[in-house]
Participant: 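Quick one: this structure, given as structure tokens, is what I'll be asking you about.
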Amino acid sequence: MASLLKASSNVLRSEKLPFLSRSKTRQGVVPKKITFRLVPIALSLSTSIGTVEHDLRSNSPDIAIPIMVNGCTGKMGKSVIQAADSAGLYVVPVSFDAEKKSGQTVEACGKKILVHGPSDRESILASVFQEYPNLIVVDYTVPATINDNAELYGKVGEPFVMGTTGGDRDQLYKTVEESKVYAVISPQMGKQVVAFLAAMEIMAEQFPGAFSGYSLQVMESHQAGKLDTSGTAKAIISCFQKLGVSFDMDQIQMLRDPKQQIEMVGVPEEHLSGHAFHLYHLTSPDQTVSFEFQHNVCGRSIYAEGTVDAILFLAKKVKSKADKRIYNMIDVLREGNMR
């Protein structure tokens, strides 16, 4: 994923972004088709063939870290398994998920992973943790289960990485803090996106009001199954608001129609089922200066790779007996290259 930043100063600029605007433009003719000026970058995973052996010989302490991927039946869970396998981590052949998926077998990277239901979670996790004392759990389940899952991880004393969004976030953090367990929790696992967000927050903190008077137009495009507005977009907008821009969250233009996503935004057809395109367009009061911030993600590899980095980070914290607390992706970024 590339977070792209572009600024232009155009005297008597002859175009705006009408597909983002809620009112008539005062300049030029509205084109029938609008596309992103910047080519979306598809991020791909390299997958290794065959089963990773648990006793891999390597000088690296990170190789063969055992992980348990809960929610492995979902697209993110499968992507994480592929990325972890490529990184040389050992994926234990058990997982737990929703009751309706209990008994399923997921085939990934040359191994079969047996899925257990909620009623077996505690006994399965305790058994796996006993067999693999340096186990790291990865949670990509569903919002309805993350609070119960976090409570279980804390009860067993199991370090975990949680990329699942939703749930009761306040209760989630309270539960984990009280359990004194190692954890990385982040609704955004893409390190580069997190870095962009952090840079925006720094700019907003150090230069409040720098964009006072500027107008803002925002569009975000995600797969049709995502019904809510992008949390990343909301976080970026909150930074612009601190920078002096007046903008209401309900002004965000959401694209969920596949035809519009192809024709208007340029989402590759093969990534309609998994993408995250964002565009933020700022215009000065006299319309002679404009800024654009754009970040496009095709596929899920950026999140899977970020999850692997979070696993390696957490394993390092456990090994060094660092403070047992909740870490986030900013902490992972500050640690530097984990591989």
Side-chain angles (χ1 to χ4, degrees), residues 1-4 19-20 33-36 38-48 69-86 91 95 97-98 100-101 104-109 113 115 138-146 162-167 186-194 196 218-236 252-279 294-308:
M1 200 286 297
S3 292
L4 304 172
F19 71 103
L20 295 177
K33 179 179 177 181
I34 300 295
T35 58
F36 280 115
L38 301 174
V39 178
I41 296 176
L43 295 152
S44 62
L45 287 170
S46 60
T47 59
S48 60
V69 181
N70 293 327
C72 70
T73 59
K75 292 178 180 179
M76 263 311 307
K78 291 176 181 176
S79 294
V80 168
I81 290 173
Q82 290 180 320
D85 181 74
S86 295
V91 181
S95 173
D97 211 316
K100 63 181 180 180
K101 296 179 181 179
Q104 291 185 16
T105 299
V106 174
E107 295 190 20
C109 299
I113 301 172
V115 180
V138 177
D139 192 296
Y140 274 105
T141 53
V142 295
T145 65
I146 64 169
M162 179 170 285
T164 314
T165 60
S186 177
Q188 172 56 262
M189 299 301 293
K191 289 199 307 181
Q192 294 80 5
V193 178
V194 172
F196 176 58
V218 179
M219 191 206 68
E220 57 96 340
S221 173
H222 289 76
Q223 58 274 10
K226 182 175 175 58
L227 302 179
D228 58 327
T229 306
S230 166
T232 301
K234 290 180 178 179
I236 294 293
I252 299 173
Q253 182 174 351
M254 298 168 55
L255 278 187
R256 297 293 183 270
D257 179 72
K259 184 178 180 181
Q260 289 183 328
Q261 290 172 338
I262 293 174
E263 296 179 352
M264 292 175 61
V265 184
V267 177
E269 189 170 355
E270 65 270 25
H271 291 297
L272 287 173
S273 62
H275 71 278
F277 280 29
H278 299 76
L279 179 66
Q294 180 177 345
H295 51 98
N296 301 340
V297 174
C298 290
R300 296 174 174 82
S301 63
I302 186 175
Y303 313 118
E305 295 290 348
T307 301
V308 169

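Note that the numbering runs from 1 along the sequence shown for the chain.
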Participant: Got a second to check how far R300's CZ is from Q223's CD, nearest 0.5 Å?
Facilitator: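 The distance works out to 5.5 Å.
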
Participant: Which one of K234, Q253, R256 satisfies the side chain to side chain donor-acceptor pair (under 3.5 Å) criterion with E220?
Facilitator: R256

Participant: Check salt bridge (charged side-chain N to carboxylate O under 4.0 Å, His left out) between K191 and all other residues, then give those that pass, not counting sequence neighbours.
Facilitator: D309

Participant: Not counting sequence neighbours, which residues clear side chain to side chain donor-acceptor pair (under 3.5 Å) with Y140? List them please.
Facilitator: T307

Participant: What pairs with Q260 under side chain to side chain contact (heavy atoms under 4.5 Å, CB included), at least two apart in sequence or on another chain?
Facilitator: L255, D257, M264

Participant: Would you call C109 and V91 a side-chain contact if the rule is heavy atoms closer than 4.5 Å?
Facilitator: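 In short, these two side chains do not touch, never coming nearer than 4.5 Å.
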
Participant: Do you know the tightest heavy-atom contact between I146 and G167?
Facilitator: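 Closest pair (atom of I146, atom of G167, distance): CD1-CA, 3.8 Å.
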
Participant: Could I get the full list of salt bridge (charged side-chain N to carboxylate O under 4.0 Å, His left out) partners for K226, not counting sequence neighbours?
Facilitator: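 Result, salt bridge (charged side-chain N to carboxylate O under 4.0 Å, His left out) vs K226: D228.
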
Participant: Kindly assign one of parallel, tilted or perpendicular to the pair H295 and H278, based on the angle between their ring planes and the thresholds 30° and 60°.
Facilitator: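 Geometry flag for H278 against H295: parallel rings.
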
Participant: Nearest heavy-atom pair of H222 and A276: which atoms, and what distance?
Facilitator: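 Heavy-atom minimum between the residues: NE2-CB, 3.4 Å.
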
Participant: Distance from C298 atom SG to L272 atom CG, nearest 0.5 Å?
Facilitator: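 Interatomic distance, C298 SG to L272 CG, rounded to 0.5 Å: 9.5 Å.
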
Participant: Decide whether Q104 and T73 meet the rule of one side-chain donor and one side-chain acceptor closer than 3.5 Å.
Facilitator: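 There is no such pair between these side chains.
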
Participant: Nearest heavy-atom pair of S273 and K75: which atoms, and what distance?
Facilitator: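 Looking at all heavy atoms of both residues, the closest pair is CB-NZ, 4.1 Å.
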
Participant: With sequence neighbours excluded, what pairs up with T229 under the side chain to side chain donor-acceptor pair (under 3.5 Å) test?
Facilitator: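 T229 satisfies side chain to side chain donor-acceptor pair (under 3.5 Å) with no residue once adjacent residues are dropped.
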
Participant: Which atom pair, heavy atoms only, marks the closest approach of H271 to G299?
Facilitator: ND1-N, 3.5 Å

Participant: What heavy-atom pair brings Q188 and V193 nearest, and what distance separates the two atoms?
Facilitator: NE2-CG1, 3.6 Å

Participant: If we only count heavy atoms from C-beta on, is the F196 to I236 side-chain gap below 4.5 Å?
Facilitator: yes

Participant: Tell me every residue that passes side chain to side chain contact (heavy atoms under 4.5 Å, CB included) with K100, counting only those two or more places apart in sequence or in another chain.
Facilitator: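 For K100 the side chain to side chain contact (heavy atoms under 4.5 Å, CB included) partners, ignoring immediate neighbours, are A98.
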
Participant: Would you please name every residue forming a side chain to side chain donor-acceptor pair (under 3.5 Å) with D139, sequence neighbours left out?
Facilitator: T141, N149, Y153, T164

Participant: Between V267 and S221, which heavy-atom pair has the shortest distance, and what is it?
Facilitator: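 Smallest heavy-atom distance, with atoms named: CG2-OG, 4.1 Å.
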
Participant: Does a side-chain heavy-atom distance below 4.5 Å link M189 with M76?
Facilitator: no

Participant: Rounded to the nearest 0.5 Å, what separation is found between the CD1 atom of I113 and the CD1 atom of I81?
Facilitator: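 It is 3.5 Å, given to the nearest 0.5 Å.
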
Participant: Measure from the side-chain N and O atoms of T165 to the backbone N and O of P187, and report whether any donor-acceptor pair falls under 3.5 Å.
Facilitator: no

Participant: Given the rule in the side chain to side chain contact (heavy atoms under 4.5 Å, CB included) test, do Q294 and F277 qualify, once you have shown the distances and angles that lead to the verdict?
Facilitator: CA-CA 8 Å; Q294 180 177 345; F277 280 29; 5.8 Å; no

Participant: For E107, what residues pass the side chain to side chain contact (heavy atoms under 4.5 Å, CB included) criterion, not counting sequence neighbours?
Facilitator: K112

